[in-house]
There are 2 protein chains.
Amino acid sequence: MLNTANLEASHSRPQLMHRVPGRETASRQAVVQQIADMLALLRDELAPLRRLVHAGDVIYHAGDPFRNLYVVNSGFFKLVNLIADGREQVVGLKFRGDWLGFEGIAEGCHACDAIAMDTGEVWTIRYESLIAAAAKQPALLTVLHQAMSRQLSGERESLTAVCTLTADARVADFLRHWAEAQAERGLRSDQIALRMSRAEIGNYLGITLESVSRALSRLAREQVISFVEKGRRDVHIPNVAALAEFVQRSLVPPSATLQ
Amino acid sequence: MLNTANLEASHSRPQLMHRVPGRETASRQAVVQQIADMLALLRDELAPLRRLVHAGDVIYHAGDPFRNLYVVNSGFFKLVNLIADGREQVVGLKFRGDWLGFEGIAEGCHACDAIAMDTGEVWTIRYESLIAAAAKQPALLTVLHQAMSRQLSGERESLTAVCTLTADARVADFLRHWAEAQAERGLRSDQIALRMSRAEIGNYLGITLESVSRALSRLAREQVISFVEKGRRDVHIPNVAALAEFVQRSLVPPSATLQ
DNA sequence: CGTTCGATTGAGGAAGATCAATTAATGTGG
DNA sequence: CCACATTAATTGATCTTCCTCAATCGAACG
């Protein structure tokens, strides 16, 4: 099993956010709107270059000089960290409304590859122009900082997941996140087209492709997911909450079920 | 062993940055200066509230409304992510020049605890004031964005380490990072006072406290580190490069040593 | 000086990596 | 459109790593 994060037993605290189903839907609509508003703002204030991309297209490479940030309008993208010694790691997946390229600001060159995983559209935003425009339109700064902040939180959640969840739970959590991401963007969350190989998913989650495959098979066997038609790329998720339950179940080392 | 990040064998590329020892020292001095300049800028432009803290002091809690950012002047701090279901995860360690609180910007409240691990000083910076002051002094915006960017990169490196390194290598890499962090801040890098329990280190690295202990014992046995005096809290690092070598060695699954 | 907490070390077991074989999907040229 | 070649996914068997449990040791503190 995993290390169960027992820093201090006394440190535990009641749950932070107690989500009410109704509110969830409400806030989700708000998020959809928020993304649309942000994109409208960027379009109006900066008239960014719009670029159509296809699976495999490179937005930028590690080592490229930093000049632009990019915002996803449609499609989805992976960020791949490259370490000098040959290790490579998918460190993020980005959807509509997400920004690409923040890592480049500090060092003046990009630290990872950004690659399209599907047909889509990215907007190119010159960093200098953005800062200049923000002087007159402070809302630009707000959306920029929110996006950076959100990305930081997301990265930390990933780290927490990798450190505290079993392989099965990670896969379940991954699917849950993906479904949530789609819902927050106004897309259907009951069905997702992964368009990633098992190897890529495994790399992202820090497990092998075989473990991903086994986890998916187990989830299907337990009716938490099912595969759409022939081919096991598209996943049907009848009930997102069931995925969260599965994660919880994998978390508790049997027993403690009653009591 | 771990999953060895073989997304595509053909994808491998020659090492990105080829560090020359001389330049390393030069750029390190530059980093020291950079941090000092940033702190001077913040002091001059914002006259931040300076707060002395001791081990255990809380800078902010998860759930607290977001209003301020904090900059570490001295000491060091941990960031602890709290998940509703009881999992908790050390997601970052912050030293002089690092900022705390970025995660709060997006949602309007902090998403983790920030806790002092030693005596030190943090500067409180009201986010609103910072943005206002940045209108007249653009350098403030630059340092803010660089700090956020750097933090994002760091988070991704952590994720990569957790996903690709063995338990022993993670501990070695952790020590190496710490030593580097001290060097970049003008402190001695041949000796580090952890002031973290094995449990905390393990939590941060996604392994158990026993694995941390065993890894440290192994590193000591192989002369890569040694313990200072009685007590195994302070670690002596005769040669930082040896730590990097140890990480590399753990990376390659035997064989391939020659050829 | 005993108590307590943290660290170390050992033994056993479980999760997951590795190796290998099979099957399914995809692509290619005839 | 089909036979073949190629690549991705699944599943099983084995082995390694690391987690779990437990005992011991050391340091710190009242």
Using the C1' atoms of five pairs at each end, what's the angle between the two axes of the helix from C/dC1-D/dG30 to C/dG30-D/dC1, to 10 degrees? 40°

Please give, in whole Å, the distance from C/dA24 C1' to A/R198 CZ? 12 Å

d(CG, A/L209; C1', C/dC19) in whole Å: 12 Å

Integer-rounded Å distance: D/dC18 C1' and B/L205 CG: 14 Å

In whole angstroms, the gap separating P of C/dA7 from CZ of B/R195 amounts to 14 Å

Check: A/H110/A/D64 side-chain N/O donor and acceptor closer than 3.5 Å: no

Name the closest nucleotide to the A/T208 side chain, picking from D/dC19, C/dA17, D/dT10. C/dA17

Can you tell me if the side-chain N/O atoms of B/S211 get under 4.0 Å from OP1 or OP2 in D/dT17? no

Would you say the side-chain atoms of A/R198 and A/S213 include a donor-acceptor pair closer than 3.5 Å? no

Counting only heavy atoms from other residues, nucleotides and ligands, does the tally under 6.0 Å from CZ of B/R50 exceed 12? yes

Once you round it to whole Å, what is the distance between P of C/dA7 and CG of B/L216? 10 Å

Nearest-Å distance, CZ (A/F227) to P (C/dA24)? 14 Å

Which listed nucleotide (D/dT10, C/dA7, D/dC19) is nearest to the side chain of B/S213? C/dA7

Whether the side chain of A/Y70 engages the backbone of A/W99 through a donor-acceptor N/O pair (distance < 3.5 Å, no angle test) should be reported. no

What is the separation between atom CZ on B/R232 and atom P on D/dC25, rounded to the nearest whole Å? 13 Å

So, does A/R233 get its side chain near the phosphate of D/dA9, meaning an N or O under 4.0 Å from OP1 or OP2? yes

Ring geometry between A/F76 and A/F95 (parallel below 30°, tilted from 30 to 60°, perpendicular above 60°): parallel

Is it the case that atom CD in A/E107 sees more than 12 heavy atoms from other parts of the structure closer than 6.0 Å? no

Quick check for you: among D/dT11, D/dG26, D/dT20, whose closest atom lies nearest to any side-chain atom of B/E210? D/dT20

Nucleotide nearest A/R214 (side chain, heavy atoms from C-beta), chosen from C/dT18, C/dT9, C/dA24: C/dT18

Which of A/L243, A/V212, A/I201 passes side-chain contact (heavy atoms from CB on, under 4.5 Å) with A/F174? Answer is A/I201

Integer-rounded Å distance: C/dA25 P and A/L194 CG: 16 Å

Out of C/dG16, D/dG26, D/dC19, whichever nucleotide has its closest atom nearest the side chain of A/T166: C/dG16

